[in-house]
Amino acid sequence: MASALRSAILRHIRIPATHALSANGSRLTAVRLMSSHDDHITKDEVIKRVLDVVKCFPKVDPSKVTPEVHFEKDLGLDSLDTVEIVMALEEEFKLEIPDKEAVRIESCEQAIEYVYNHPMSS
């Protein structure tokens, strides 16, 4: 009984793996990968995206941002600014960084390493 009920429910909520899309009369195919771990982002992509997040922060001079830059010592940011940058990184990479880990992220280098080594970063 439970098995039949489970099957009936799954038939109604299953998401198809591919969708046919039409744009301007041409036919495109979009494939949805079912595993979030198969296509972990490269370190170069992490570096680029972390630097972009930091460069976009209002109190930062983009010309000073490098992969080795320290948020407080090199960019003159305070601890609240650092928290805001970590929150922006969470949003950018669709991560939730625990507070006890977030307080350790004080530089681009530490942010890059954290994001790159996180299994759920995307």
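Computation of the quantities below employed the complete heavy-atom set of this structure, encompassing side-chain atoms and omitting hydrogens, waters and symmetry-equivalent molecules.
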Could you name each residue pair satisfying side-chain hydrogen bond (donor to acceptor under 3.5 Å, both in side chains) that touches residues 73-83, not counting sequence neighbours?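 Qualifying pairs: K59-D81.
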
Do you know which two heavy atoms are closest between [X] and [Y], and how far apart they sit?
X	Y	result
L77	F57	CD2-CE2, 4.1 Å
A102	I97	N-CG2, 3.7 Å
V54	C108	CG2-SG, 3.8 Å

Can you name the residues that form a side chain to side chain contact (heavy atoms under 4.5 Å, CB included) with [X], not counting sequence neighbours?
X	value
V115	V46, F93, L95, S121
P62	K55
T42	D44, E45

Any salt bridge (Lys or Arg N to Asp or Glu O under 4.0 Å) pairs touching residues 101-116, not counting sequence neighbours?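 Sorted pair list: K43-E113, E101-R104.
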
Closer than 3.5 angstrom, by distance alone: can the side chain of E90 be matched with the main-chain N or O of E96 as a donor-acceptor pair?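 No: the side chain of E90 does not pair with the backbone of E96.
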
Let me confirm one number: the CD1-OG1 distance from I47 to T66, rounded to the nearest 0.5 Å.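 The distance works out to 11.0 Å.
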
Interatomic distance, L89 atom CG to D52 atom CG [nearest 0.5 angstrom]: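 Going from the CG atom of L89 to the CG atom of D52 covers 11.0 Å.
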
Sequence-distant partners of K64, side chain to side chain donor-acceptor pair (under 3.5 Å), two or more places apart: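 Checked K64 against side chain to side chain donor-acceptor pair (under 3.5 Å); zero matches.
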
By side chain to side chain donor-acceptor pair (under 3.5 Å) - contacts of D99 (at least two apart):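 In terms of side chain to side chain donor-acceptor pair (under 3.5 Å), with neighbours along the sequence ignored, D99 is linked to no residue.
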
Treating Ile, Leu, Val, Met, Phe, Trp and Tyr as nodes and any side-chain heavy-atom pair under 4.5 angstrom as an edge, say whether L75 and V103 lie in one connected cluster.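 In one cluster with L75: V103, no.
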
Co-members of V83 in a cluster of I, L, V, M, F, W and Y side chains, linked at under 4.5 Å: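 Reading the cluster by chain and number, V83 sits alongside M87.
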
Which pairs count as ring pair (Phe, Tyr, Trp, His ring centres under 6.0 Å) when at least one residue sits in residues 95-122, sequence neighbours excluded?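 Qualifying pairs: H40-Y116, Y114-H118.
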
